[in-house]
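What follows is one structure encoded as structure tokens, with my remarks underneath.
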Amino acid sequence: MELTDLHRLLEDYFTAHRCEILKNQHGVLTVQLTEEMDKTLMNRPFYWHFVKSSGNQGEPMKLTLITNPVKRDEYGEWIHFGSPRLQQIFNHLKQKEKYIHLFQQIETVDNTALFPWLLINIKISYEGKQMKNELFSIGLNLINGEMKTDMMHSLQQLSLIKTIPDYCYTLSPLITVSSGFIRIEKVIDQYIEKQPHTWAEEAIQTMEEEIKMINRFFTDEEDEAFREKETKDLKKRYAPRIVYEVVNGGLIYLAEDFNKNI
């Protein structure tokens with residue numbers, strides 16, 4: 001994932017959970033957590049138990065996250081793929097918000113149609129000698145098949161609610177959710193096919209070189225079990241593979257011109 005994508009993911013995540021952004025520049029993000037988000041992320045159950053039992057409100061913490069490696073020595077928490085904090089955020093999304101169902105808040109006195117959009121946030125992991133991750137947020141209009149990338153960022157510009165607004169009605173999807181997901185998968189497959197795959201070639205080369213080295217140094221018959229185990233471990237460590245993981249998604253009903261001013 002590019003640094004800008006990771007930073008935007010964090011912006012969207014905290015904004016969606018009503019956390020005030022206090023600082024946001026040069027890959028450093030400081031947010032004022034809400035009570036709910038403090039309880040979710042900061043692991044202070046005894047603090048919250050104490051303040052609630054004593055009748056007090058409690059003070060949620062501020063959290064500073066750094067996505068820019070140049071700034072990683074500054075005050076704050078360096079966050080990247082593989083870091084416990086980012087895994088914690090992904091787990092929260094998967095456990096609490098795996099599937100969402102929302103409507104765009106619009107003010108109207110006329111009957112207004114809302115179009116169904118399938119939202120899918122997918123993490124793609126390239127695993128081999130080194131690991132690389134990318135996050136895709138894709139929206140698919142289930143009426144006309146229009147597809148929009150960076151969908152979460154677009155949705156953050158809108159007011160979304162859990163109940164349909166007055167004078168609005170929803171259009172029934174012409175494309176099923178399962179068919180829509182297949183379309184999104186095909187787009188991601190096409191994207192991956194166009195990417196350079198030197199990372200996979202390098203992983204295979206390293207794996208083959210290390211297997212040859214093991215076979216060269218451990219030639220005795222009694223070493224056969226060791227060779228098989230080491231070869232299996234090397235293949236597990238270096239064999240290139242690409243893994244998709246749905247972080248979360250949902251069905252969002254939006255006005256026809258929702259992205260006109262975004």
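Nearest heavy atom pair, residue I143 against residue P116, reads CG1-CD, 3.6 Å. Of all heavy-atom pairs between T108 and C168, the closest is CG2-SG, 4.1 Å. Closest approach of Y169 to I164, counting heavy atoms only: CA-CD1, 3.8 Å. The two atoms that bring P240 and A200 nearest to each other are CB-CB, 3.7 Å, heavy atoms only. In terms of heavy-atom proximity, M151 sits nearest to G139 at CB-N, 3.6 Å. The two residues P60 and L33 come nearest to each other via the heavy atoms CB-O, 3.0 Å.
Inter-residue side-chain proximity for L22 and V31 is flagged as unmet; no heavy-atom pair is nearer than 4.5 Å. By the 4.5 Å heavy-atom criterion applied to side chains, R85 and L63 are counted as neighbours. With a 4.5 Å cut-off on side-chain heavy atoms, M152 and N121 count as touching. A 4.5 Å side-chain heavy-atom check between F136 and I120 finds every atom pair outside the cut-off. The shortest side-chain heavy-atom distance between L160 and L254 falls under the 4.5 Å cut-off. Contact of the I89 side chain with the L10 side chain is registered, since non-hydrogen atoms from C-beta on lie closer than 4.5 Å. Side-chain contact check for N24 versus F14: every heavy-atom pair is 4.5 Å or farther apart.
I161 and I106 fall within the same hydrophobic cluster, defined by Ile, Leu, Val, Met, Phe, Trp and Tyr side-chain heavy atoms under 4.5 Å apart, directly or through other members. In this structure, I124 is a member of the same hydrophobic cluster as V246, with clusters built from ILVMFWY side-chain heavy atoms closer than 4.5 Å.
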Listed pairs under 3.5 Å, donor-acceptor, residues 183-194 side chains, sequence neighbours left out:
{"residue": "D189", "atom": "OD1", "partner": "Y244", "partner atom": "OH", "Å": "2.4"}
{"residue": "Y191", "atom": "OH", "partner": "E134", "partner atom": "OE1", "Å": "3.4"}
{"residue": "Y191", "atom": "OH", "partner": "E134", "partner atom": "OE2", "Å": "2.7"}

Would you list the atom pairs, donor with acceptor, under 3.5 Å between side chains in residues 41-50 and any protein atom, with sequence neighbours excluded?
{"residue": "R44", "atom": "NE", "partner": "D38", "partner atom": "OD1", "Å": "3.2"}
{"residue": "R44", "atom": "NH2", "partner": "D38", "partner atom": "OD1", "Å": "3.4"}
{"residue": "R44", "atom": "NH2", "partner": "D38", "partner atom": "OD2", "Å": "2.8"}
{"residue": "R44", "atom": "NH2", "partner": "E59", "partner atom": "O", "Å": "3.1"}
{"residue": "Y47", "atom": "OH", "partner": "E59", "partner atom": "N", "Å": "2.9"}
{"residue": "W48", "atom": "NE1", "partner": "D38", "partner atom": "OD1", "Å": "2.8"}

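Proximity of a side-chain donor or acceptor of Q104 to a complementary backbone N or O of A255 within less than 3.5 Å is detected. Between the side chain of T40 and the backbone N or O of E36, at least one donor-acceptor pair lies under 3.5 Å. Under a 3.5 Å cut-off, the side chain of T112 and the backbone N or O of D110 do form a donor-acceptor pair. A donor-acceptor pair is defined here as one N or O able to donate and one able to accept, closer than 3.5 Å; such a pair exists between the side chain of S54 and the backbone of V51. Remark: the backbone N or O of G58 is not paired with any side-chain donor or acceptor of N56 at under 3.5 angstrom.
Hydrophobic cluster of I214: the remaining members, joined at side-chain heavy-atom separations below 4.5 Å, are M207, I211, M213, F217, F218, F226, L234, Y238, listed by chain and number.
To the nearest 0.5 Å, atom NZ of residue K129 and atom CD of residue E202 are 6.0 Å apart. With values rounded to the nearest 0.5 angstrom, T67 atom OG1 is found 12.5 Å from R8 atom CZ. Rounding to the nearest 0.5 angstrom, the gap separating the CG atom in L9 from the CG atom in L86 is 6.5 Å. Of the inter-residue distances, the one linking I122 atom CD1 with N248 atom CG reads 10.5 Å to the nearest 0.5 angstrom. One distance of note links CE of M147 with CH2 of W117; it measures 9.5 Å at 0.5 Å rounding. Interatomic distance, S137 OG to L155 CG, rounded to the nearest 0.5 Å: 7.0 Å.
Between the side chains of N68 and H7, no donor-acceptor pair is found at a separation under 3.5 Å.
For E228, the side chain to side chain contact (heavy atoms under 4.5 Å, CB included) partners at least two apart in sequence or on another chain are E224. In this structure, the side chain to side chain contact (heavy atoms under 4.5 Å, CB included) partners of H80, at least two apart in sequence or on a different chain, are W78, S83. Looking at residues two or more places apart in sequence or on another chain, you find no side chain to side chain donor-acceptor pair (under 3.5 Å) involving T15.
Looking at R237 and D233, no side-chain N of the basic residue comes within less than 4.0 Å of a carboxylate O on the acidic one, giving no salt bridge. With respect to K212 and E208, no salt bridge is recorded, no charged nitrogen being found less than 4.0 Å from a carboxylate O. Salt bridge R241/E127: present, at least one basic N to carboxylate O contact under 4.0 Å. At a threshold of 4.0 Å, the pair E74-K71 counts as salt-bridged, since one of the basic side-chain nitrogens sits closer than that to a carboxylate oxygen. E35 and K52 are joined by a salt bridge, as a carboxylate oxygen and a charged side-chain nitrogen come within less than 4.0 angstrom of each other.
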Quiz prompt | Audit row: Y75, V28, side chain to side chain contact (heavy atoms under 4.5 Å, CB included) steps and yes/no | solution = CA-CA 9 Å; Y75 173 80; V28 180; over 6 Å; no
Step-by-step side-chain hydrogen bond (donor to acceptor under 3.5 Å, both in side chains) determination, Q205 to E209:
CA-CA 6 Å; Q205 181 179 351; E209 289 174 352; 3.2 Å; yes
- Using the side chain to side chain contact (heavy atoms under 4.5 Å, CB included) rule, take L251 and L142 through it: C-alpha gap first, then chi angles, then the decisive distance, then the call. CA-CA 10 Å; L251 201 58; L142 296 179; 3.6 Å; yes
Pair L119, I100 - check side chain to side chain contact (heavy atoms under 4.5 Å, CB included), show working. CA-CA 9 Å; L119 166 70; I100 57 177; 4.1 Å; yes
* Pair L29-T64, side chain to side chain contact (heavy atoms under 4.5 Å, CB included): steps then yes or no -> CA-CA 6 Å; L29 180 70; T64 297; over 6 Å; no
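Ring pair Y253/H101 is tilted by interplanar angle, where 30° to 60° counts as tilted. Using the six-membered ring where Trp is involved, H92 and H17 have ring planes that are tilted, between 30° and 60° apart.
For CD of E146, the number of neighbouring non-hydrogen atoms (other residues, nucleotides, ligands) closer than 6.0 Å is greater than 12.
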